[in-house]
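These values consider heavy atoms only, across backbone and side chains, with no hydrogens, waters or symmetry-generated copies. Naming: A, B, ... by sequence-line order, numbering from 1 per chain.
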Amino acid sequence: TQLLEQSPQFLSIQEGENLTVYCNSSSVFSSLQWYRQEPGEGPVLLVTVVTGGEVKKLKRLTFQFGDARKDSSLHITAAQPGDTGLYLCAGDPPGTYKYIFGTGTRLKVLA
Amino acid sequence: NAGVMQNPRHLVRRRGQEARLRCSPMKGHSHVYWYRQLPEEGLKFMVYLQKENIIDESGMPKERFSAEFPKEGPSILRIQQVVRGDSAAYFCASSSGQKNTEAFFGQGTRLTVV
């Protein structure tokens, strides 16, 4: 069974600080997605990474896919209160089209 | 997540009743996924369907739960004889089914069993 473990599980920081969220697995994934979910809403796709070692930037967010395609990180620079939410990583194991979701990181950015 | 429509947004059922949750995928998408989310938790995969086919139902409870995606109309997740433990948010996502394509989510149906 493929599992995606996210750390930290909870994170509360002050506006302007930097943070990194990790998504780790012992399994290989064909691709990996990051989503953000706000209370009462569905997850919204932020980015997809496909190639081992790939780095993608989305404004203040930097996403990296591990060389072995087993792990990923999300780095937020100068966090803002609007970044508050649940961040989820999801991967699709080779040979399947099933997305396995990580355990989630709840981020709270205080003004 | 614009385009994936789920209804109802909120559903209240008494124990023992049936719950039907509907999901209309994004235009051009023929693959649907259902996930369950308990409060303060991540999403748990339930089932993956193509039109008229169940591809992977490894996350579905063996009893009371069923899913379909007919040739015409929305995908339906059906829960028979609901119990309090079925209370959760149920999310549907759709994709085109191409490799490495993204899945887009609906806003979910929040089921409350009283």
Tell me if the [atom1] atom of [X] is crowded by more than 12 foreign heavy atoms within 6.0 Å.
X	atom1	result
B/M60	CE	yes
A/Q80	CD	yes
B/Q81	CD	no
B/K51	NZ	yes
A/R60	CZ	yes

**OP:** Determine whether A/I76 and A/V55 fall in the same hydrophobic cluster, where Ile, Leu, Val, Met, Phe, Trp and Tyr are linked whenever their side-chain heavy atoms lie under 4.5 Å apart.
**Re:** no
**OP:** Find the one option among A/P39, A/A90, A/G40 whose heavy-atom pairs under 4.5 Å with chain B are most numerous.
**Re:** A/G40
Original post:
Do A/Y35 and B/F105 pass the side-chain contact (heavy atoms from CB on, under 4.5 Å) test, and can you show the C-alpha distance, the side-chain angles, and the key distance before you say yes or no?
Top reply: CA-CA 10 Å; A/Y35 293 82; B/F105 280 82; 3.6 Å; yes
Subject >> Contacting moiety of A/Q37, where chain B heavy atoms sit under 4.5 Å >> reply: side chain
Original post:
Which region of A/L32, side chain (C-beta onward) or backbone (N, CA, C, O), has a non-hydrogen atom less than 4.5 Å from a non-hydrogen atom of chain B, or is it both or neither?
Top reply: neither
Subject >> Nearest non-hydrogen partners of B/L43 and A/F101, listed with the distance >> reply: O-CB, 3.5 Å
Subject >> Heavy-atom closest pair, residues A/G42 and B/F91 >> reply: CA-CE2, 3.3 Å
Original post:
Is it the side chain or the backbone of B/Q37 that comes within 4.5 Å of chain A heavy atoms, both, or neither?
Top reply: side chain
**OP:** Please test B/F45 against A/Y99 for side-chain contact (heavy atoms from CB on, under 4.5 Å), starting from the C-alpha separation and ending with a verdict.
**Re:** CA-CA 7 Å; B/F45 170 80; A/Y99 291 88; over 6 Å; no
